[in-house]
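Below is one structure, written out as structure tokens; comments come after it.
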Amino acid sequence: MEQTSTQPPWRPRAGFITLMLLGFALVVLVRMPQILAQGGRFWAEEGVVYFANSWNWPWYRAWFAIHTGYINFIAGFGTWLGLQLGGLDHAPLVTVLLALLVQALAPFIILTHDFPWRRSRLACASAVLLCAVPPGTAEVWLNTITSQFHLGLAAALILAAPPKTKRLFVLDALLLAVGVLSGPATSFLLPLFLLRGVLTRSRVMLLFSLILLAGFGLQLGIYLTHPVPARSGQDSLATLLAVIALHGPVMAFTGMHGAAVIGRCFLALHQAQALLWPPVLILVLFYALLGWLVAGARFGRATLALLLAAQIVILFVSFDKALSPDFTDSMGRAGAGATPSSRWCSPG
């Protein structure tokens with residue numbers, strides 16, 4: 001039976017929060033120093049699609065441009081803002097800084113919302129550090145194209161720890177609105193928000209559910225009326241699970257080099273038309289372990305369970321939409337650490 005701790009979560013002061021966020025930003029930038037050294041970057045469609053839209057279209061079309069069947073508001077707005085503030089030469093630097101701001105939302109929510117395990121400065125600092133040191137981040141850090149996934153992470157944290165003040169409520173509502181208009185990751189958390197709102201009879205969660213429902217309805221309408229060729233060439237669930245296993249637990253525990261070796265093994269199985277049971281087994285065991293740890297938590301079990309459920313939803317939605325039609329590329333990019341040269345545009 002879960003124990004209810006009488007000790008409330010430790011609430012850090014503004015100075016500590018500021019220090020933690022500055023430290024987070026410093027670690028993120030130090031891990032990718034070449035971006036600032038070259039004056040920023042556009043990543044993939046960030047330049048050739050969204051910045052081009054901002055250059056050629058009025059703001060209201062650029063912000064809500066439809067690409068690959070949905071609106072990515074944060075990318076449209078970010079490149080437009082880059083054009084307004086930095087012009088052609090410095091727009092990539094503006095989008096990098098905006099993406100950094102979006103990435104800092106997760107540690108900000110951890111520091112300002114009441115998570116039951118946040119008991120001390122050390123606990124807070126450890127949680128923020130975890131946000132700053134995941135492996136294999138070349139494609140999903142410091143660009144507005146993939147800021148949608150960081151907004152999804154922020155939404156998952158809001159789901160697990162709703163706001164306690166009016167200011168945080170307004171901020172969270174805005175983040176959810178931007179997130180649901182920026183991609184599918186936040187949208188697919190709607191059932192979890194609705195479930196929590198109904199079970200706890202929380203008006204806040206039900207209002208958040210309405211925001212997500214409105215955005216999801218808009219994105220669904222766009223998807224149905226603007227069909228695009230399927231991005232995934234793989235209709236095998238085992239293939240999807242293999243890619244998730246490689247980019248998830250394998251990379252987390254073995255690093256980029258270990259993922260490269262194991263990815264080549266997965267690829268050999270695929271090319272031999274063998275059953276991809278090893279990566280599926282790895283994924284099942286990994287989530288079984290996480291489920292066991294959540295079930296055995298002394299307190300905050302419900303919060304951890306919500307975070308785990310949200311993580312699974314975002315993970316599957318993200319990889320299902322991004323999975324390359326070529327399984328070789330999906331495995332190879334994990335092993336090679338996502339070579340930036342083919343998708344990176346710098347001002348120089």
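Hydrogens, waters and symmetry mates play no part in the numbers below; they use all other heavy atoms, side chains included. Being a predicted model, the structure only gives us computed values, none of them experimental.
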Distance in Å, R13 CZ paired with L19 CG, rounded so as to fall on 0.5 Å steps | 14.5 Å

Are L206 and V180 grouped together when hydrophobic residues (ILVMFWY) are joined by side-chain heavy atoms under 4.5 angstrom apart?
-> no

About how many Å separate CG of L213 and CG of L218, when rounded to the nearest 0.5 Å?
-> 11.5 Å

Among F42, W80, F77, W57, the one residue meeting ring pair (Phe, Tyr, Trp, His ring centres under 6.0 Å) with F51 | F42

Value for CZ (R11) from CD1 (I17), rounded to nearest 0.5 Å, stands at 11.0 Å

Between F169 and F208, does the ring centroid distance fall short of 6.0 Å?
-> yes

Does any N or O in the side chain of H150 come within less than 3.5 Å of the main-chain N or O of V140, such that one atom is a donor and the other an acceptor?
-> yes

How long is the gap from CZ on F108 to CG on L168, to the nearest 0.5 Å?
-> 6.0 Å

Within the side chain of Q103, is there an N or O that forms a donor-acceptor pair under 3.5 Å with the backbone of S147?
-> no

When you check the side-chain N and O atoms of D172 and H113, is any donor under 3.5 Å from an acceptor?
-> yes

Heavy atoms only: give me the nearest L159-A310 pair and the separation to one decimal.
-> CD2-CB, 4.2 Å

Do the side chain of R31 and the main chain of A132 share a donor and acceptor less than 3.5 angstrom apart?
-> yes

dist Q219:CD -> N72:CG (nearest 0.5 Å) comes out at 8.5 Å

Hey, could you give me the CG/CG distance between L36 and L29, rounded to the nearest 0.5 Å?
-> 5.0 Å

Between L293, V313, V294, which is the residue that forms a side-chain contact (heavy atoms from CB on, under 4.5 Å) with L308?
-> V294

Locate the shortest heavy-atom distance separating R41 from N143; write the atom from each residue and the value.
-> NH2-ND2, 3.5 Å

